[in-house]
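Note sheet for the following structure.
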Amino acid sequence: MSSVNPTAPPESSESSAPSASPSGPPAGLATALTVLLALATLAGLAGLFADYRAYEAVSAFIDGGATQATLEGFASADRLGSVTASAQAFVELPTAVVFLVWFHRVRVNAAVFAPDGFARGTRWAVGCWFIPIGQLWLPFKTATEIWGASAQAAPDGSWRRVSYGPVLAWWATWTGSKLLSFAANRLAGSDSVTGLRTSATVSLTADLLFLASGVLAVRFVRTLTAMQHAKATQGPNALV
């Protein structure tokens, strides 16, 4: 899914002048979201360190048995995990709210560029994130539709290939981190220490994917916002 045909441009460049986008490109929202995503990524880095400490504590217990040192290591890792989890939740909640506001805004703008380019209404830009199982696919589908509608045609108005790599990379890493985190939480209920070590290993992998998704999310947000700004101010055809 590296490229698809972007939505055909309107008949004239005047029809997509800046006034064509009722809410305007969400530059301010994108800036705020970029800051929040950066903070969430930093919190995720702290979570990675906490999970590594948990992995070390479990490994020390397996190798050295139930000694005072290994039990204290467990307790220390557990306290660190609680603190970092609270910090991550504190940052991720406002980040999610601002992201949904931004995502809905770019969806509304994209409907101006390509009214017939979407399978669902604008409210689905928010609602699709809360549908069990469907949340693994529907937001990605909406994101690709927004991306395609926001792309400009060639300077002469002809079709040109548009890469969907930034959307795919962000979504793959983000959903991968969420699925692995779910698996790690299930494994954490194991009665064996080997199961706990497996859980810690999976958590570390999920953390790495989350960090990657944070960087890629910033790229996705900034690029899509810039695409909408260009199409709203320059018209449906690119200048170069």
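Values below: all heavy atoms of this structure, side chains included; hydrogens, waters and symmetry mates excluded. Small disclaimer: the values here were computed from a predicted structure and weren't measured.
In terms of heavy-atom proximity, Ala50 sits nearest to Thr84 at CB-OG1, 3.4 Å. In terms of heavy-atom proximity, Lys231 sits nearest to Ala151 at NZ-O, 3.0 Å. Considering every non-hydrogen atom in both Arg105 and Pro26, the closest pair reads CG-CB, 3.7 Å. Val202 approaches Ala183 most closely through the heavy-atom pair CG1-CB, 4.4 Å. Residues His104 and Val126 share a closest heavy-atom pair of CB-CG2, 4.0 Å. For the pair Val112 and Pro115, the tightest heavy-atom approach, listed with the atom from each and the gap, is O-CD, 3.9 Å.
No single ILVMFWY cluster, assembled from side-chain heavy atoms under 4.5 Å apart, contains both Val221 and Leu42. Note on Leu39 and Val215: separate hydrophobic clusters, where clusters join Ile, Leu, Val, Met, Phe, Trp and Tyr whose side-chain heavy atoms are under 4.5 Å apart, directly or indirectly. Transitive grouping of hydrophobic side chains (ILVMFWY, heavy atoms separated by less than 4.5 Å) keeps Val218 and Leu209 in distinct clusters. Under the 4.5 Å side-chain heavy-atom criterion for ILVMFWY residues, a single connected hydrophobic cluster contains both Val101 and Val98. In this structure, Tyr164 is a member of the same hydrophobic cluster as Trp137, with clusters built from ILVMFWY side-chain heavy atoms closer than 4.5 Å.
Once rounded to the nearest 0.5 Å, the distance linking OG1 of Thr122 with CG of Asn109 reads 11.0 Å. Note that CG of Leu45 is 10.0 Å distant from CD of Gln88, once rounded to the nearest 0.5 Å. One distance of note links CZ of Phe220 with CD1 of Ile146; it measures 6.5 Å at 0.5 Å rounding. With rounding to the nearest 0.5 angstrom, the CG atom of Leu187 is 5.5 Å from the OG atom of Ser199. Atom OG1 of Thr201 and atom CG of Leu196 lie 10.5 Å apart (nearest 0.5 Å). The NZ atom of Lys178 lies 5.5 Å from the CH2 atom of Trp174; values are rounded to the nearest 0.5 Å.
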Below 3.5 Å, can you tabulate the donor-acceptor pairs from side chains in residues 57-70 to any protein atom, sequence neighbours excluded?
| from | atom 1 | to | atom 2 | distance (Å) |
| --- | --- | --- | --- | --- |
| Ser59 | OG | Tyr55 | O | 2.9 |
| Thr67 | OG1 | Thr70 | N | 3.2 |
| Thr67 | OG1 | Thr70 | OG1 | 3.2 |
| Gln68 | NE2 | Glu72 | OE2 | 3.1 |
| Thr70 | OG1 | Gly65 | O | 2.8 |
| Thr70 | OG1 | Thr67 | N | 2.9 |
| Thr70 | OG1 | Thr67 | O | 2.9 |

Please report, to 0.1 Å, the donor-acceptor pairs under 3.5 Å made by any side chain of residues 27-38, with sequence neighbours excluded.
| from | atom 1 | to | atom 2 | distance (Å) |
| --- | --- | --- | --- | --- |
| Thr31 | OG1 | Ala27 | O | 3.1 |
| Thr34 | OG1 | Ala30 | O | 2.7 |
| Thr34 | OG1 | Arg222 | NH1 | 3.4 |

* Asked: Where do Trp102 and Thr225 land on the side chain to side chain donor-acceptor pair (under 3.5 Å) test, with the steps shown first?
  -> CA-CA 9 Å; Trp102 172 84; Thr225 301; 3.1 Å; yes

* To do: Might you work through the ring pair (Phe, Tyr, Trp, His ring centres under 6.0 Å) test for Trp124 and Phe103, ending with a clear yes or no?
  => CA-CA 10 Å; Trp124 279 89; Phe103 198 65; over 10 Å; no

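Under the 4.5 Å side-chain criterion, counting only non-hydrogen atoms from C-beta, Leu224 is in contact with Ser150. For the pair Gln152 and Arg160, the minimum side-chain heavy-atom distance is below 4.5 Å. With a 4.5 Å cut-off on side-chain heavy atoms, Leu211 and Leu48 count as touching. Between Phe210 and Glu92, some side-chain heavy-atom pair lies under the 4.5 Å cut-off. For the pair Leu216/Trp171, no side-chain contact is recorded, criterion being any heavy-atom separation below 4.5 Å from C-beta on. Between Arg120 and Cys128 the shortest side-chain heavy-atom distance does not fall below 4.5 Å.
Side-chain rings of Phe99 and Trp129 approach one another, their centers coming within less than 6.0 Å. Taking the centre of each ring, Phe113 and Trp147 stay at or above the 6.0 Å mark.
In this structure a side-chain-to-backbone donor-acceptor pair under 3.5 Å is present from Gln228 to Val106. The backbone N or O of Leu138 sits less than 3.5 Å from a side-chain atom of Thr142, completing a donor-acceptor pair. Within the 3.5 Å criterion, the main-chain N or O of Trp170 finds a donor-acceptor partner in the side chain of Thr173.
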